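Here the structure comes first, spelled out in structure tokens, and everything after it is commentary.
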Amino acid sequence: CLIEMVSFPSPVSKLYFRWARGLEKHGDKIIQLTREDDYKSVYADCYYQTNERKQKFFTGKRAETQGQYFDFILDSKKPFIVSESNPFRQYDGWLRFGWNSYKWTKGNFNNDNVDDTRWKRFQNITGVTFNDWHSPGDDIIIMGQKEGDSALNELYEQGFNSFYDWVNVVIKNIRKHTDRRIVIRPHPRNLDKTLIQVRSKVLKNNKKNNVVLSKHLTQGGNQGGAGLDADLNNAHCVVSFNSLSSVEAVCKGIPVFSLNDGSMTYPISHKSLSQIENINYDIDRTQWQNQIAYTMWNKVDVISGECWEHLKPVYFS
């Protein structure tokens with residue numbers, strides 16, 4: 001039967017890669033609404049949204065232009081596709097698509113029992129390589145994340161008012177197990193504002209804890225580039241909440257501690273900071289590679305209908 005997917009005005013729903021054409025290949029359709037439409041009266045089997053609800057969507061003008069739509073989707077109790085950025089940020093042309101979330105354990109990517117077909121294709125297209133697990137340096141790198149981002153929703157739900165309040169707790173826990181130098185690498189977006197927080201909330205409170213600011217800062221964008229590479233080259237390990245920088249670390253073979261199960265590297269990460277001086281350098285990445293390949297799709301996959309063909313059976317036969 002015909003599946004009707006409803007999308008909302010941008011930026012709530014950005015139909016990347018001509019998403020509607022992929023549905024049409026299977027006899028389904030997207031109803032793309034404008035701000036003038038009475039969205040509450042439009043029938044939908046499912047919805048399409050970009051990213052997830054953030055705190056800032058529910059204040060000021062954004063409450064009307066964005067927040068109301070995210071709330072409506074959640075309140076409908078119907079499934080929704082979430083589009084988000086590519087886990088392998090160094091390779092353009094790919095995006096994540098999953099049901100109900102873009103996070104590893106929160107989203108449904110229909111990737112529990114998959115083979116290596118898509119991973120081999122991704123490898124052939126991008127040339128992605130992986131180093132053997134090793135620690136090239138002695139530093140513990142804590143990866144910063146963008147304040148207010150939906151990736152941090154669970155952190156705020158735990159009672160933290162700021163990402164860097166969480167970092168202070170992580171530093172205390174690390175110090176129970178090691179005295180290695182801890183390097184704070186802030187997120188490159190809004191770097192000037194972030195540095196004020198890092199200095200006032202973290203460095204000031206950890207003057208005797210051998211905690212320093214990265215010397216390889218990156219300004220703007222989402223991918224750390226050469227600056228990130230320089231920090232990783234001095235890393236004993238990487239610690240993050242659920243930053244995609246952990247994917248770059250895994251490619252370089254650097255052990256990661258992903259402390260939120262929404263992280264795209266969660267299955268191959270260390271889960272407890274008590275392991276920080278007892279790193280496992282024998283974690284098998286094979287299954288993770290096969291599974292992550294089914295979370296990301298390129299334009300050809302979407303337009304051909306292959307992406308929708310894979311995701312549709314989760315809810316619709």
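Not measured: the values here are computed from a predicted model.
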For residues 1-23, run the donor-acceptor check on the side chains, cut-off 3.5 Å, and write out each pair with its distance to 0.1 Å, sequence neighbours left out.
{"residue": "S13", "atom": "OG", "partner": "F8", "partner atom": "N", "Å": "2.9"}
{"residue": "S13", "atom": "OG", "partner": "Y48", "partner atom": "O", "Å": "2.6"}

Worksheet item: Ion pair present between K271 and D261, side-chain N to carboxylate O less than 4.0 angstrom?
Response: no
Fill in: Members besides V300 in its Ile/Leu/Val/Met/Phe/Trp/Tyr cluster (side-chain heavy atoms under 4.5 Å)
none
Discussion item. Applying side chain to side chain contact (heavy atoms under 4.5 Å, CB included), can you list everything that pairs with L203, at least two apart in sequence or on another chain?
Written reply: V198, R199, V211, L213
Worksheet item: For Y43, which fellow cluster members are found when Ile, Leu, Val, Met, Phe, Trp and Tyr are connected by side-chain heavy-atom distances below 4.5 angstrom, either directly or through intermediates?
Response: none
Discussion item. I'd like to check the salt bridge (charged side-chain N to carboxylate O under 4.0 Å, His left out) partners of D138; sequence neighbours left out, ordered by chain and number.
Written reply: R180
Worksheet item: Which residue pairs pass the salt bridge (Lys or Arg N to Asp or Glu O under 4.0 Å) test when at least one of the two sits in residues 234-255, sequence neighbours left out?
Response: R89-E248, D229-K252
Worksheet item: For residues 127-137, which residue pairs qualify under side-chain hydrogen bond (donor to acceptor under 3.5 Å, both in side chains), counting only residues two or more places apart or in two chains?
Response: S135-Y281
Discussion item. Among residues at least two apart in sequence or on other chains, which ones pass side chain to side chain contact (heavy atoms under 4.5 Å, CB included) with A249?
Written reply: L232, V238, I254, V256
Item to complete: Quick one: list whatever passes side chain to side chain contact (heavy atoms under 4.5 Å, CB included) with S272, sequence neighbours left out.
Response: S274, Q275
Worksheet item: What residues, two or more places apart in sequence or in another chain, satisfy side chain to side chain contact (heavy atoms under 4.5 Å, CB included) together with D282?
Response: N280
Practice prompt. Look at R118 together with E306 and state whether they make a salt bridge at an N to O cut-off of under 4.0 Å.
Written response: yes
Worksheet item: Which residues satisfy the side-chain hydrogen bond (donor to acceptor under 3.5 Å, both in side chains) test with D139, sequence neighbours excluded?
Response: R181
Item to complete: Using the side-chain hydrogen bond (donor to acceptor under 3.5 Å, both in side chains) rule, collect all pairs that involve residues 212-221, keeping only residues at least two apart or in two chains.
Response: R185-T218, S214-D231
